[in-house]
Amino acid sequence: MTDLVQLTRDNGIAVITINNPPVNALSPGVPEGISEALDQIALDDSVKAVVLIGGGRTFVAGADIKEFGKMTSGRTRGAGLLPLLLKMEDSTKPLIVAIHGTAFGGGLELAMAGHYRVAVSSAQVGQPEVKLGIIPGAAGTQRLPRLAGVAKAVEMCTTGNPIKAEEALKFGIVDRIIDGDLLTGALAFAREVAAKPAPKTRERNEKLGNAADNAQIFSSARETVAKKQRGLLAPAAAIEAVEAATKLPFEEGCKTEQKLFIECLFSEQSKSLIHVFFSEREVNKIPDIPKETAVIPMKSAAVVGAGTMGGGIAMVLANAGIPVLLKEADPTALDRGLATIQLNYANSVKRGRFSQQVAEDRLKRITPTLTYDDFSKVDLVIEAVFEGMALKKEVFKELDRVCKPGTILASNTSTLSIDEIASSTSRPEFVIGTHFFSPANVMRLLEIVRGKATSKEVIATCMQLSKTIGKIGVLVGNCRGFVGNRMFGPYRREAQFLVEEGAGIEAVDKALSDFGMAMGPLATGDLAGLDVGWRIRKEYRHLEVPGIRQPFTEDSLCELGRYGQKTGAGWYKYDDQRRATLDPLVDELIRKWVAEAGVPQRQISAQEITDRCLYALVNEGARILEEGYALRASDIDIIYLNGYGFPAYRGGPMWYADTVGLKQVYERVSEFQRHHGEIWRPAPLLKRLADEGKTFADFGKEEGAAA
Ligand code: 3H9
């Protein structure tokens with residue numbers, strides 16, 4: 001037997017334990033180990049029943065995702081799990097699967113091939129494969145509807161969301177919840193059923209429904225996935241596979257599932273989503289900050305500024321159980337900020353996200369204040385005042401005076417220099433950027449900006465805090481706009497240039513939305529508020545290089561008071577439900593402005609629109625990477641997926657460029673340089689990697705950079 005699987009005996013019951021830390025994935029050796037254990041058990045007359053359990057913190061979290069890359073590159077292609085699962089199911093001795101932690105993907109498929117399943121109440125089960133761009137590939141789409149019914153199986157296989165043990169019990173996926181020690185409970189259960197015939201899941205057809213009801217389930221599921229999982233291939237494939245379970249015998253259904261599984265696995269979408277899975281975990285690895293770095297205990301916090309961002313950040317902290325002071329200079333602004341928070345919580349209660357009691361508890365953790373009086377007690381302050389250097393420096397000077405030594409002083413600035421802000425304090429090592437994205441209580445991204453003096457403990461604490469508050473923290477360096485907004489500038493610049501050169505506003509947004517972006521760049525501007533960028537541009541106008549082309553339409557719209565959704569008009573006009581329609585006036589104005597500026601007009605294709613906008617992102621991303629402001633290309637991807645609505649199934653802008661091929665991207669960027677001048681000069685790193693036939697992903701691995 002392999003050392004990943006152990007076989008022991010307990011008074012007539014065999015116990016197979018899987019020990020493949022950290023998550024007992026079904027790596028090579030695990031299925032073989034289980035199979036060997038079953039062979040030994042079959043020959044041992046003293047064994048009356050079998051318990052299969054996971055060692056350590058969980059049952060099996062699925063297939064080993066690292067193996068998929070080997071399969072798609074042709075390095076491995078084993079028999080898969082199906083033969084093992086049939087062998088388990090055909091065992092004449094009842095096999096009880098004992099679940100704690102997570103039985104996900106192949107883990108749930110393994111469990112469903114057992115004759116019974118017992119679980120602790122904290123356990124979760126799920127078929128999360130769609131999140132990796134695939135579908136269950138070991139008969140999950142065939143056994144799950146037989147246990148849970150067709151509708152539940154469709155829901156679980158298309159959303160990928162797990163369910164808790166209690167719900168799994170209700171739907172027949174689990175047979176009993178075990179209170180107390182899982183193994184003890186599983187052994188007792190095994191003794192109860194040892195003499196009974198072992199029910200095979202694949203032969204249980206009573207929950208497979210009837211044709212008419214099923215047709216309804218499948219058609220409404222297809223509608224839902226087309227709307228909610230726009231652009232993704234796997235959810236529709238999952239529906240097709242479950243449909244096969246209702247129409248074909250088990251073996252035939254498995255063949256359909258296999259065919260769809262392989263198609264999905266070899267798709268670009270799956271490769272991208274697997275890249276995203278590992279990249280999300282990679283962001284936590286910071287070369288010069290070891291895991292053991294001490295963190296500062298975080299018992300209480302304060303937020304300065306009760307505007308949209310400040311209020312959202314206070315909610316995020318309160319939601320995570322951290323008491324927070326919310327400070328404003330002006331009583332009216334404070335009342336307004338609090339009213340917004342109350343409204344947000346009330347809306348969440350109305351939508352059933354949490355109870356009134358939870359909302360009240362969270363609200364109680366937010367203490368409004370007009371003074372810095374209690375700031376001496378807090379462990380962290382996040383400043384979220386208006387975006388202007390002079391004001392920020394004033395606030396930090398005051399924070400330095402009132403806060404105890406050791407308090408982390410963080411700024412939510414989206415563009416300004418953390419080093420300059422830190423220079424107004426006597427403790428630059430405690431100053432850091434925590435750049436939240438709007439709405440702060442919804443968006444998952446947190447850019448953590450390292451100043452040149454920021455201490456490792458402060459960085460480690462903020463990285464940990466990002467997890468506590470349910471965000472994905474990405475460490476970036478201190479350059480103008482940091483990573484996300486620095487790249488977003490050229491992206492939105494190109495969107496405006498395209499409009500100025502003759503593309504329609506809707507055509508620009510549609511091209512990017514068809515690519516998969518959550519919203520087009522102009523509609524995004526309207527949502528965020530066009531005045532935000534306008535104010536920032538004014539702050540930096542003195543740095544503009546004369547003779548370099550600048551877009552002007554958005555500033556001109558701002559001068560007319562068209563700030564976007566909040567003023568009911570921006571690039572589009574909005575009704576009171578914030579629904580956008582094209583405004584002929586804007587079109588007229590733009591044509592007039594560009595005629596005055598003498599910009600030649602032409603027809604522009606959707607391909608040019610996407611290439612211009614996306615390669616502007618990529619080219620700037622390449623500079624950021626080379627200059628060391630991002631640790632890895634994949635960190636940039638994670639920023640774009642979680643903060644800017646980039647489609648996960650394209651892997652992020654840097655990954656997307658790698659999939660296009662850097663040679664092709666470089667040539668297109670060079671072509672844009674010939675037509676549009678120096679702003680399109682290819683980043684040196686892009687040129688070098690293209691020349692060497694390498695990818696951005698290679699750069700991260702071979703050379704490493706430092707934020
Ligand atoms: C599948 O099963 C297909 C089937 O139909 C069969 C087809 C034949 N493989 O997330 P964490 C690593 S598809 C390899 O930080 P947590 C992870 O990279 C699979 N590695 O912990 C990390 O490594 P590192 C379906 C895996 O406690 C470490 O384990 N299953 C796998 O926050 C700890 O992970 C899934 O999609 C894996 N399957 O969360 C489940 N899982 O320390 C994917 C984890 O080097 N996994 N690792 O960075 C998860 O959702 C979470 O990891 C889990 C634990 C909830 C289990």
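Start at 1 and go down the list; that is how both ligands and their atoms are numbered.
Using a 4.0 Å cut-off between heavy atoms, Val23 contacts ligand 1 through its side chain alone, with no backbone atom that close. When heavy-atom distances to ligand 1 are checked against a 4.0 Å cut-off, Glu282 has no atom that comes that close, whether in backbone or side chain. Contacts between Arg57 and ligand 1, counted as non-hydrogen atom pairs separated by less than 4.0 Å, involve the side chain only. Proximity of Ala61 to ligand 1, defined as any heavy-atom pair under 4.0 Å, is shared by backbone and side chain alike. At a heavy-atom distance under 4.0 Å, only side-chain atoms of Glu109, from C-beta outward, approach ligand 1. Contacts between Thr58 and ligand 1, counted as non-hydrogen atom pairs separated by less than 4.0 Å, are absent for every part of the residue. Contacts between Phe59 and ligand 1, counted as non-hydrogen atom pairs separated by less than 4.0 Å, are absent for every part of the residue.
For the pair Glu129 and ligand 1, the shortest N or O to N or O distance falls below 3.5 Å. Between Ile65 and ligand 1, a contact under 3.5 Å exists for at least one N or O pair. Checking only distances, Ala63 does come within under 3.5 Å of ligand 1, N or O to N or O. Annotation: Pro128 places no N or O atom under 3.5 Å from an N or O atom of ligand 1; distance criterion only. By the 3.5 Å distance cut-off applied to N or O atoms, Gly105 is not counted among the residues near ligand 1.
Remark: minimum distance from atom 43 (C) of ligand 1 to any protein heavy atom is reached at Phe277 CE1, 3.5 Å. Distance from atom 55 (C) of ligand 1 to its nearest protein heavy atom, with residue and atom name: Phe104 CE1, 3.9 Å.
For Lys259 and Glu263, the salt-bridge test passes: some basic side-chain N is under 4.0 Å from an acidic carboxylate O. With respect to Glu167 and Lys152, a salt bridge is recorded, a charged nitrogen being found less than 4.0 Å from a carboxylate O. The pair Glu89-Arg143 meets the salt-bridge criterion, with a side-chain N (NZ, NE, NH1 or NH2) lying under 4.0 Å from an Asp/Glu carboxylate O. Comment: Lys255 engages Glu252 in a salt bridge, judged by a side-chain N to carboxylate O separation of less than 4.0 angstrom.
Ring geometry for His275 versus Trp655: interplanar angle under 30°, hence parallel rather than tilted (30 to 60°). Taking the six-membered ring for Trp and thresholds of 30 and 60 degrees, Tyr644 and Tyr640 have nearly parallel ring planes, at less than 30 degrees apart.
Between the side chains of Lys87 and Ser35, a donor-acceptor pair is found at a separation under 3.5 Å. Counted by atom type alone, Ser279 and Asp637 present zero donor-acceptor pairs between their side chains at under 3.5 Å. If you check the side chains of Thr141 and Glu257, you find a donor sitting under 3.5 Å from an acceptor. A donor-acceptor pair shorter than 3.5 Å can be found between the side chains of Asn19 and Gln6. A donor atom on one side chain and an acceptor atom on the other are found under 3.5 Å apart for Asn161 and Lys131.
Within ligand 1, counting atoms from 1 as listed, the ones closer than 4.0 Å to a heavy atom of Pro136 are 5 (O). Per-residue contacts place Phe68 under 4.0 angstrom from the following atoms of ligand 1 (heavy atoms of the residue considered): 3 (C), 13 (S). Within ligand 1, the atoms closer than 4.0 Å to a non-hydrogen atom of Phe261 are 7 (C), numbered from 1 in the order shown. Proximity to Gly106 (heavy-atom distance under 4.0 Å) selects the following atoms of ligand 1: 1 (C), 2 (O), 4 (C). Taking every non-hydrogen atom of Leu132 and a distance limit under 4.0 Å, the qualifying atoms of ligand 1 come out as 13 (S), 19 (C), 36 (O). Close approach of ligand 1 to Pro22 is summarised as follows: ligand atoms under 4.0 Å from at least one heavy atom of the residue are 28 (C), 29 (O). If you number the atoms of ligand 1 from 1 as listed, the ones under 4.0 Å from a heavy atom of Thr102 come out as 56 (C). For ligand 1 and Asp64, the ligand atoms under 4.0 Å from any heavy atom of the residue are 9 (N), 14 (C).
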Margin query: As a quick check of understanding, evaluate side-chain contact (heavy atoms from CB on, under 4.5 Å) for Arg222 and Ile239, giving each step before the final call.
Written below: CA-CA 7 Å; Arg222 286 193 167 97; Ile239 298 172; 3.7 Å; yes
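Distance screen at 4.0 Å: atom 5 (O) of ligand 1 has a protein heavy-atom neighbour inside the cut-off. By the definition of a contact as any protein heavy atom under 4.0 Å away, atom 53 (C) of ligand 1 is not in contact. Under the 4.0 angstrom criterion, atom 48 (O) of ligand 1 counts as having a protein heavy-atom contact. Taking a distance limit of 4.0 Å, we find that atom 39 (O) of ligand 1 is approached by no protein heavy atom. Protein heavy atoms come within 4.0 Å of atom 17 (C) of ligand 1.
By the 6.0 Å and 45° rule, Arg632 does not stack over the aromatic ring of Phe696. Both the sub-6.0 Å distance and the 45° axial angle are not jointly satisfied by Arg650 relative to the ring of Phe646.
Looking at residues two or more places apart in sequence or on another chain, you find no side-chain hydrogen bond (donor to acceptor under 3.5 Å, both in side chains) involving Asn441. Listed by chain and residue number, Glu280 satisfy the salt bridge (charged side-chain N to carboxylate O under 4.0 Å, His left out) test with Arg444 (two or more places apart in sequence, or in another chain).
Checking Lys467, Arg281, Lys285, Lys66 against atom 24 (P) of ligand 1, the nearest heavy atom belongs to Lys285.
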